[in-house]
Amino acid sequence: MTQKTEIKKTRNWGKIALIGSLALNLLVVGLVVGAFGRFEAPPSGRASMGLGSFIKALPEAEQDMVRAASGLRREDRKKTMDAFRASKDALEEALLAQPFSEEAARAAVSAHHNIALEHGARLQNALVKAVADMTPQEHEAYVERVRQEQEKRAQRKQKR
């Protein structure tokens with residue numbers, strides 16, 4: 001008489017969800033880091049987060065205010081980028097650690113992601129405030145400048 005032992009196949013949904021979530025978070029962080037990395041050179045009127053033409057269309061004083069609020073002004077950029085790099089280094093260290101700690105990796109991914117989110121929120125809030133403070137006439141002129149900036153951008157893309 002032989003006994004059959006059944007081997008239960010465990011579902012790996014938790015691991016799959018973890019890997020998928022980590023991949024998605026790293027994709028978002030990579031996109032933000034890539035956009036943020038564009039600002040090593042002196043500012044060319046571009047900001048970040050796909051808002052460049054909206055910011056460039058602002059009057060110079062408001063552009064500077066938006067850059068200051070988001071940490072993109074030349075004098076603030078080093079501090080902002082240093083914090084972002086330190087967070088990236090901590091993330092790399094946690095993901096490559098031997099032995100690997102899932103808890104430490106999650107904390108590092110979350111911290112890195114939060115830095116990018118905070119930067120985006122500051123940038124968006126400053127932009128909305130700058131536009132909200134405009135008079136109706138200033139807003140009309142702003143709308144026209146945004147359209148011109150978007151046309152320039154479209155022409156540059158066609159030349160590529």
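Everything numeric in this text was worked out from a predicted model, so none of it was measured.
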### Message
I'd like to check the side chain to side chain contact (heavy atoms under 4.5 Å, CB included) partners of Val143; sequence neighbours left out, ordered by chain and number.
### Response
His139, Arg147
### Set of residues satisfying side chain to side chain contact (heavy atoms under 4.5 Å, CB included) with respect to Glu138, sequence neighbours excluded
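Partners of Glu138 under the side chain to side chain contact (heavy atoms under 4.5 Å, CB included) test: Met134, Thr135.
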I'd like a table of donor-acceptor pairs (distance under 3.5 Å, sequence neighbours excluded) in which one partner is a side-chain atom from residues 110-118, with atom names and distances.
unit_1	atom_1	unit_2	atom_2	d
His112	ND1	Ser87	OG	2.7
His112	ND1	Lys88	N	3.4
Asn114	ND2	Ser110	O	3.2

### Minimum heavy-atom distance between Arg153 and Ser53, given as atom pair plus value
NH2-N, 3.9 Å
### Task
Quick one: closest heavy-atom pair of Arg145 and Pro59, and the distance?
NH2-CD, 3.6 Å
### Message
Would Phe54 and Gln124 count as a side-chain contact (heavy atoms from CB on, under 4.5 Å) here? Give the steps.
### Response
CA-CA 11 Å; Phe54 298 104; Gln124 293 166 8; over 6 Å; no
### Message
As an exercise, state the distance from CD of Glu149 to CG of Leu58, rounded to the nearest 0.5 Å.
### Response
10.5 Å
### Summary
The complete set of salt bridge (charged side-chain N to carboxylate O under 4.0 Å, His left out) pairs with one or both residues in residues 121-131, sequence neighbours excluded, reads Lys129-Asp133
Donor-acceptor list for residues 91-102 side chains, cut-off 3.5 Å, not counting sequence neighbours:
unit_1	atom_1	unit_2	atom_2	d
Ser101	OG	Ala104	N	3.2
Glu102	OE2	Arg106	NE	3.2
Glu102	OE2	Arg106	NH2	3.2

### Query
Asp89: what forms a salt bridge (Lys or Arg N to Asp or Glu O under 4.0 Å) with it, not counting sequence neighbours?
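With neighbours one apart ignored, the set is empty.
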